[in-house]
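Here the structure is laid out as structure tokens; the discussion comes afterwards.
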Amino acid sequence: MTGDRPPDRWLVLRILAPADPEVRSLMVECLLEEARGVEEQDDALVIHLPPPEGQSAEDFARALRHSLVERTGIDTLEIETGWQPHEAWEDCWRQHFRPRRITERIVVSPSWETPEVEPGQCLVTLDPGMAFGTSDHPTTRGCLRMLDRWVEPGIRMADIGSGSGILAITAALLGAGEVLAIELDPWACSAARENVVLNGVEDRVEVRAAPVTSDGLPGEAPFDGIVANIESGILLPLLPALHAALEPGGWLVLSGILRNEAEGVLAAATDAGLHFEEADEEGEWWTGAFTAPL
Ligand SMILES: C[S@@+](CC[C@H](N)C(=O)[O-])C[C@H]1O[C@@H](n2cnc3c(N)ncnc32)[C@H](O)[C@@H]1O
């Protein structure tokens, strides 16, 4: 994947496979470099990809199916292909993005609207481009509510999978002294950097284009707090690395987790040596806060 311009259209893959976290995690791993807009459904994973280079969508899907069947052992696995024009994608979220009050203190608004805010409220202004993170999704809102409770003035933080930069920017506006926003998608990073400037927090937020892997964070650990809104299939193998990147007593907020996955995440976080502190639930989504032992 090169350049910072999105393609004209997106290949949409619907991978029909069981909602088993290990299987899903393997699938996302196979597609990690290219996948964006990964959506977990009960019976399928829906993934948007740039058009494959030098081969048809069908050939790409056939080769992917072959490697997924080999890795998961599920030979009933099917992949449906489709296309979505880039404009359709952009138009879709623009229509849904309205100013929204998340907590007493946090209001999120698209850059093309000017909502009234009360004294003491923090207004997060965004033009997310094609990056995830408008506050329309319950996982983003769960993280914002947690940040409202856990961010303390002057702390050093990391935002893993920062998308539009919404969480990193909010943390800075709530008083974090330094926030490293890490995101593997270069297009999302471009949008996040613009949003950082839009909110006047460029002295406190750095956006870094890099993947977080189980080898560790591409940043200057340790941090006082880490927020990671990525799906649980990706998060689980990262837990030991996230714990290692925390100060003793530091906190970790995890989201992108379905309620029925929460038990598995709690067990994995405990195995990784983290203490569970509190949960936030909205619809079918679960967000958890954990701390590292002192
Ligand atoms: C669900 S979005 C969250 C965006 C934003 N933080 C929010 O809360 O709305 C997850 C983001 O994580 C990024 N991502 C997924 N795996 C990653 C990894 N291993 N390292 C860094 N970023 C990753 C994706 O590209 C995507 O932008």
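For this chain, numbers begin at 1 and follow the sequence in order. Note that these values count all heavy atoms, side chains included, but never hydrogens, waters or copies made by symmetry. Numbering of ligands and ligand atoms starts at 1, following listing order. What you are looking at is a predicted structure, and each value in this text was computed from that prediction instead of being measured.
Taken from CG in Leu13 to CZ in Arg65, the straight-line distance is 13.5 Å, to the nearest 0.5 Å. To the nearest 0.5 Å, atom CG of residue Asp127 and atom CH2 of residue Trp112 are 5.0 Å apart.
In this comparison of Ala168, Gly256, Ala228, Gly161, the heavy atom closest to atom 11 (C) of ligand 1 sits on Gly161.
With a heavy-atom cut-off of 4.0 Å, Ser135 does not touch ligand 1 at all. With a heavy-atom cut-off of 4.0 Å, Leu184 touches ligand 1 through backbone and side chain alike. Neither the backbone nor the side chain of Cys143 comes within 4.0 Å of ligand 1, counting heavy atoms alone.
The number of heavy atoms from other shown groups lying within 6.0 Å of CD (Glu152) does not exceed 12.
Arg9 forms a cation-pi arrangement with Trp83, by the criterion of a distance under 6.0 Å to the ring centre and an angle within 45° of the ring axis.
In this structure, Ala210 has a heavy atom closer than 4.0 Å to ligand 1. Within the 4.0 Å heavy-atom shell around ligand 1 one finds Ser162.
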*Between Glu202 and Arg193, does a salt bridge (charged side-chain N to carboxylate O under 4.0 Å, His left out) hold up when you go through it step by step?*
CA-CA 8 Å; Glu202 55 272 44; Arg193 288 192 186 105; over 6 Å; no
*Evaluate the criterion salt bridge (charged side-chain N to carboxylate O under 4.0 Å, His left out) for residue pair Glu261 and Arg259; output intermediate values, then yes/no.*
CA-CA 5 Å; Glu261 296 167 341; Arg259 274 180 201 245; over 6 Å; no
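For the 3.5 Å distance criterion, the side chains of Ser255 and Thr139 fail to qualify, holding no donor opposite an acceptor.
An N or O contact shorter than 3.5 Å links Thr140 to ligand 1 by distance. Here's the thing with Asn229: one of its N/O atoms is less than 3.5 angstrom from an N/O atom of ligand 1. For ligand 1, none of its N or O atoms has an N or O atom of Thr134 under 3.5 Å away. Considering backbone and side-chain atoms alike, Ile230 places every N or O at 3.5 Å or more from each N or O of ligand 1. At a 3.5 angstrom cut-off on N or O pairs, Ile160 does not count as close to ligand 1.
Near Val212, the atoms of ligand 1 lying under 4.0 angstrom from a non-hydrogen atom of the residue are 18 (C), 19 (N), 20 (N), 21 (C).
In terms of modelled atom types and a separation under 3.5 Å, the side chain of Asn195 and the main chain of Gly165 share no donor-acceptor contact.
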